[in-house]
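The structure appears right after this line, and notes come after that.
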There are 2 protein chains.
Amino acid sequence: MRISELSRRSGVSVTTIKYYLREGLLPPGRQTAATQAEYDDQHLRRLRLVRALTGVRGLSVSTTREVLDALTEHTGDTHLVLGLALGAVRLSDETAAHPPETAEVDALVKELGWAVNEAAPARATLAETLASLRSLGVPVDAHTLLPYARLAERTAVLDLDQLTGLDDPLETAERALLLTVLLEPALMALRRMAQENESARRHTAE
Amino acid sequence: MRISELSRRSGVSVTTIKYYLREGLLPPGRQTAATQAEYDDQHLRRLRLVRALTGVRGLSVSTTREVLDALTEHTGDTHLVLGLALGAVRLSDETAAHPPETAEVDALVKELGWAVNEAAPARATLAETLASLRSLGVPVDAHTLLPYARLAERTAVLDLDQLTGLDDPLETAERALLLTVLLEPALMALRRMAQENESARRHTAE
DNA sequence: ACCCATTGGATACCTTCACTATCTATGTTA
DNA sequence: TAACATAGATAGTGAAGGTATCCAATGGGT
């Protein structure tokens, strides 16, 4: 298909598709002539993925590019793809001037018995968030976090269960990314509704 | 204290504080003369809150203002504050042109037996995210989500437990906001590490 | 074989956001 | 009283994410 059909089928304007091509979010089409290129379903799929990551999760164009590059370069090693991709998807917006003190987080991970890369960005995210909360007077420590971590373990089991039974490694890697990144707003929405419910329950039970 | 001291104690530049004052993120100081105003600890506290919300969670200035306005206007009714404040903190960046179909989500909430406002924005967020995932070929439905929702329930219990034993209603409302909003990156970080651990576990167990 | 809308590629422009800098009149402090 | 700080107003900045316009080269319909 040509660019206008790609635009029509994805709902993304031609100029924006050109912009994504310039930015390397989409691989160039197969050139058939000096002013003609052919796009296929892979492009359409990727374009939809780009819109999901930038639109639903609000990822920046450069972050999206990094994530997609990791996805296509290391397809097959789902474990590795997730590690690379998720490192790029910052959980917090904080641009850490000095690397945060992760000793406490490291101790928590050890106590949990988790096998997690020493350099995993999630460690830093967790440490930063804790520091922020404390500076605002909220008392949170490893002890507070432990039950949350146990629930996270069970969430992760559910997540990984969704990945079984897929043959195509590209599809597996892509689904892993989608489940990790796009499911986040959904889980937070569930949490907020559960909070509202629990708050109402306690309020009326008095 | 005067503005320069507020700046020094918060680490935020004087010009930025002036900007926040203009934007209504900080209430004006007590004017002592035509070109002099006095700020207090409330200002400092609020300024730190602003930096946490915009920095750690990446909230926009206008969203932050809405959240803080809800906080100060309805202090005392923690339940209400959370409903108002969290409505403003969008979980997804999607600017929904047409309101999404929430029938399925509504059915899930009913099945869970949750008491959740009919107009809660979390319903729309959940519906949008589901629609997004499906359009990308990920099979998610109410059945998939139910176990996640049960874990969210237990997370909410932990959350609400953190709010007990606080006397000052302002402090309670503020902490509720912080726990809901600022803890999100922390919980997602825990989930990612748990995923990595679970992935490693399954990989080596084969 | 011809014509004109479509295309690829390049470049310039636009809008929003979150600051940042500058200016002026007024206050404070040593 | 001289040097510095402050409030308030206005204008400017830089990044991000597109959007608009040009141009030469097609290529499907006639």
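Computed from a predicted structure; not experimentally measured. Lettering follows sequence order; numbering is per chain, from 1.
- Not one N or O on the side chain of A:Glu104 forms a donor-acceptor pair closer than 3.5 Å with the backbone of A:Ala107.
- At D:dA7, one or more side-chain N or O atoms of B:Tyr39 fall inside 4.0 Å of OP1 or OP2 (strictly under the cut-off).
- A sub-4.0 Å separation between OP1 or OP2 of C:dT7 and a side-chain N or O of A:Gln31 is absent.
- A sub-4.0 Å separation between OP1 or OP2 of C:dA18 and a side-chain N or O of B:Tyr20 is absent.
- Atoms CG (A:Leu21) and C1' (C:dT11) sit 16 Å apart, rounded to a whole Å.
- Atom CG in A:Leu26 sits about 12 Å away from atom P in D:dG18, given to the nearest Å.
- Electrostatic pairing of A:Asp41 and A:Arg9 counts as a salt bridge here, judged by a charged N lying under 4.0 Å from a carboxylate O.
- Applying the 4.0 Å criterion to OP1 and OP2 of D:dA16, one finds that A:Ser62 has every side-chain N and O outside that range.
- We find that CD of B:Glu5 is positioned 16 Å from P of C:dT28, with the value rounded to whole Å.
- With hydrogens and angles left out, the side-chain atoms of A:Glu153 and A:Trp114 include a donor and acceptor closer than 3.5 Å.
- One interatomic measurement links the two molecules: OH of B:Tyr19 to C1' of D:dT6, which rounds to 21 Å at whole-angstrom precision.
- Between the C1' atom of D:dA5 and the CG atom of B:Leu6 lies a distance of 15 Å, rounded to the nearest Å.
- B:Glu66 meets the salt bridge (Lys or Arg N to Asp or Glu O under 4.0 Å) test with no other residue; sequence neighbours excluded.
- The distance from atom CD of B:Glu38 to atom C1' of C:dG27 is 14 Å, rounded to the nearest whole Å.
- Between B:Arg202 and B:Glu198 there is a salt bridge, with a side-chain nitrogen of the basic residue lying less than 4.0 Å from a carboxylate oxygen of the acidic one.
- The side chain of A:Thr54 places no N or O atom within less than 4.0 Å of a non-bridging phosphate oxygen (OP1 or OP2) of D:dG17.
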(request) Summarise protein proximity over nucleotides 20-30 of chain D in one line of letters, 5' to 3': B for base, S for sugar-phosphate only, - for none, counting protein heavy atoms closer than 4.0 Å. (result) B----BSS---

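- Using a 4.0 Å cut-off between a side-chain N of Lys or Arg and a carboxylate O of Asp or Glu, B:Glu184 and A:Arg192 qualify as a salt bridge.
- Between the C1' atom of D:dG17 and the CD1 atom of A:Ile17 lies a distance of 15 Å, rounded to the nearest Å.
- A salt bridge links A:Asp159 with B:Arg191: the distance from a Lys NZ or Arg NE/NH1/NH2 to an Asp or Glu carboxylate oxygen falls below 4.0 Å.
- Computed from coordinates, the A:Glu23 CD to D:dT19 P distance equals 13 Å when rounded to whole Å.
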